[in-house]
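Written below as structure tokens is the structure these notes are about.
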Amino acid sequence: MKIATWNVNSLKARLPRVEAWIGEHQPDVLVMQETKLADSAFPTSVFADLGYASTHHGNGRWNGVAILSKVGLEDARGGFSGEDSASVEECRIVQAICAGVKVMSVYVPNGRTVDSEFFEQKLAWLGQLRRELDLTCQPGDEVVILGDFNVAPEDRDVWDITQFVGMTHVTPEERAALANVEDWGLSDAMRVTNPDEIGPFTWWDYRAGAFHKGWGMRIDLALVSQPVLARLTAAYRDREARKGPQPSDHAPVVIELKERD
DNA sequence: ATGGTAGCGCTGCTA
């Protein structure tokens, strides 16, 4: 079972590349972030023609998350489960059961600057994500949270930590909020399969030729529960997808799971 | 060229 995540930075702008990527990589499940679409504009039929059931949670201009699956899509639901969560959620989470695996597509708030209200909202959002796990499932379940976390878990997950003094994505507060999610019972799949590497990076700024200079960050993650970790055979990012005309600024991350024993 | 680029959508916001 191949599960992929990709922040597409506008599905309208990226649809041809997404279709091509699906054709080449044939994921069983593909989750996306930053579709920037309203639900009514989501190209359900395009993906259906490719063999995928889909669910989308978006308002239009900002954010927007989706799940595509050709192995079943049950109990699809957008937003957090707790009451009064709509204001904090902002069309940044959608989930479904795909072939018995609880799959979540998340787009964690950017945080902008450490002294802003948006930074506090980012930390609160990650707190809500932990609460969602506590409320809706157990660590012994098969759970995968994939998406753009906008947090680099370690210093080696950015190209030059000295460039990040006073910046978001690397602060102890953000890393603690991410760790609090992982402490529920999740492992960072890419780090498990690449224990000694720098990165590998999944995002490069469009500006200043950052991609070609290697100025990237590893902020797109696949967090897996222990039963999923036991099935994990590979985790990687597709750097090729960042190349060529009109790329997203993010590369897809893929995990592969063996059949259940 | 003294921030840069991309997307949305039409003015500036978000990343």
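Letters A, B, ... are given to chains in the order of the sequence lines, protein chains preceding strands, and every chain is numbered from 1. Values reported hereafter were calculated over all heavy atoms of this structure, with side chains retained and with hydrogens, waters and symmetry mates removed.
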Handout entry: Remaining members of hydrophobic cluster (4.5 Å side-chain criterion), A:Val253
Key = A:Met190

Practice task
Write out all pairs satisfying ring-ring contact (aromatic ring centres under 6.0 Å, His included) with one or both partners inside residues 115-135 of chain A, taking only residues at least two apart or from two chains.
Solution key: A:Phe80-A:Trp125

Exercise for the section: Between B:dT2 and B:dC13, how far apart are the C1' atoms? Round to whole Å, please. Expected result: 24 Å

Fill in the blank from the handout: So the side chain to side chain donor-acceptor pair (under 3.5 Å) pairs with at least one residue in residues 207-217 of chain A (sequence neighbours excluded) are A:Asp205-A:Arg207

Handout entry: Whichever of A:Pro109 and A:Gln246 has its nearest DNA chain B nucleotide further upstream toward 5'
Key = A:Gln246

Exercise for the section: Any pair with a residue in residues 7-33 of chain A that passes salt bridge (charged side-chain N to carboxylate O under 4.0 Å, His left out), sequence neighbours left out, goes on the list, sorted by first then second residue, please. Expected result: none

Exercise for the section: Using the P atom on both, measure B:dG9 against B:dA15 and round to a whole Å. Expected result: 15 Å

Practice task
Just grab all the salt bridge (charged side-chain N to carboxylate O under 4.0 Å, His left out) pairs involving residues 150-177 of chain A, residues at least two apart or on different chains.
Solution key: A:Lys122-A:Glu174, A:Glu154-A:Arg156, A:Glu154-A:Arg191, A:Asp155-A:Arg175, A:Asp157-A:Arg191, A:Asp157-A:Arg218

Problem - B:dA1 versus B:dT5 - spacing of their P atoms, nearest Å - result: 15 Å

Handout entry: Close approaches to DNA chain B from residues 114-122 of chain A, in residue order (heavy atom, under 4.0 Å)
Key = none

Fill in the blank from the handout: First and last nt of DNA chain B near chain A, cut-off under 4.0 Å to heavy atoms, 5' to 3', are B:dG4 to B:dA15

Exercise for the section: Please tell me which of A:Ala13 and A:Arg112 maps to the more 5' nucleotide of DNA chain B, matching each residue to the nucleotide holding its nearest heavy atom. Expected result: A:Ala13

Give every donor-acceptor pair under 3.5 Å between a side-chain atom in residues 57-65 of chain A and any protein atom, sequence neighbours left out.
| residue | atom | partner | partner atom | Å |
| --- | --- | --- | --- | --- |
| A:His57 | NE2 | A:Glu89 | OE1 | 3.3 |
| A:His57 | NE2 | A:Glu89 | OE2 | 3.0 |
| A:Asn63 | ND2 | A:Glu90 | O | 3.0 |

Problem - Whether A:Trp203 and A:His250 hold their rings parallel, tilted or perpendicular, with breakpoints at 30° and 60° - result: tilted

Practice task
For B:dC10 and B:dT14, measure between their P atoms and round to the nearest Å.
Solution key: 15 Å

Exercise for the section: Write out all pairs satisfying salt bridge (charged side-chain N to carboxylate O under 4.0 Å, His left out) with one or both partners inside residues 252-261 of chain A, taking only residues at least two apart or from two chains. Expected result: A:Glu142-A:Arg260

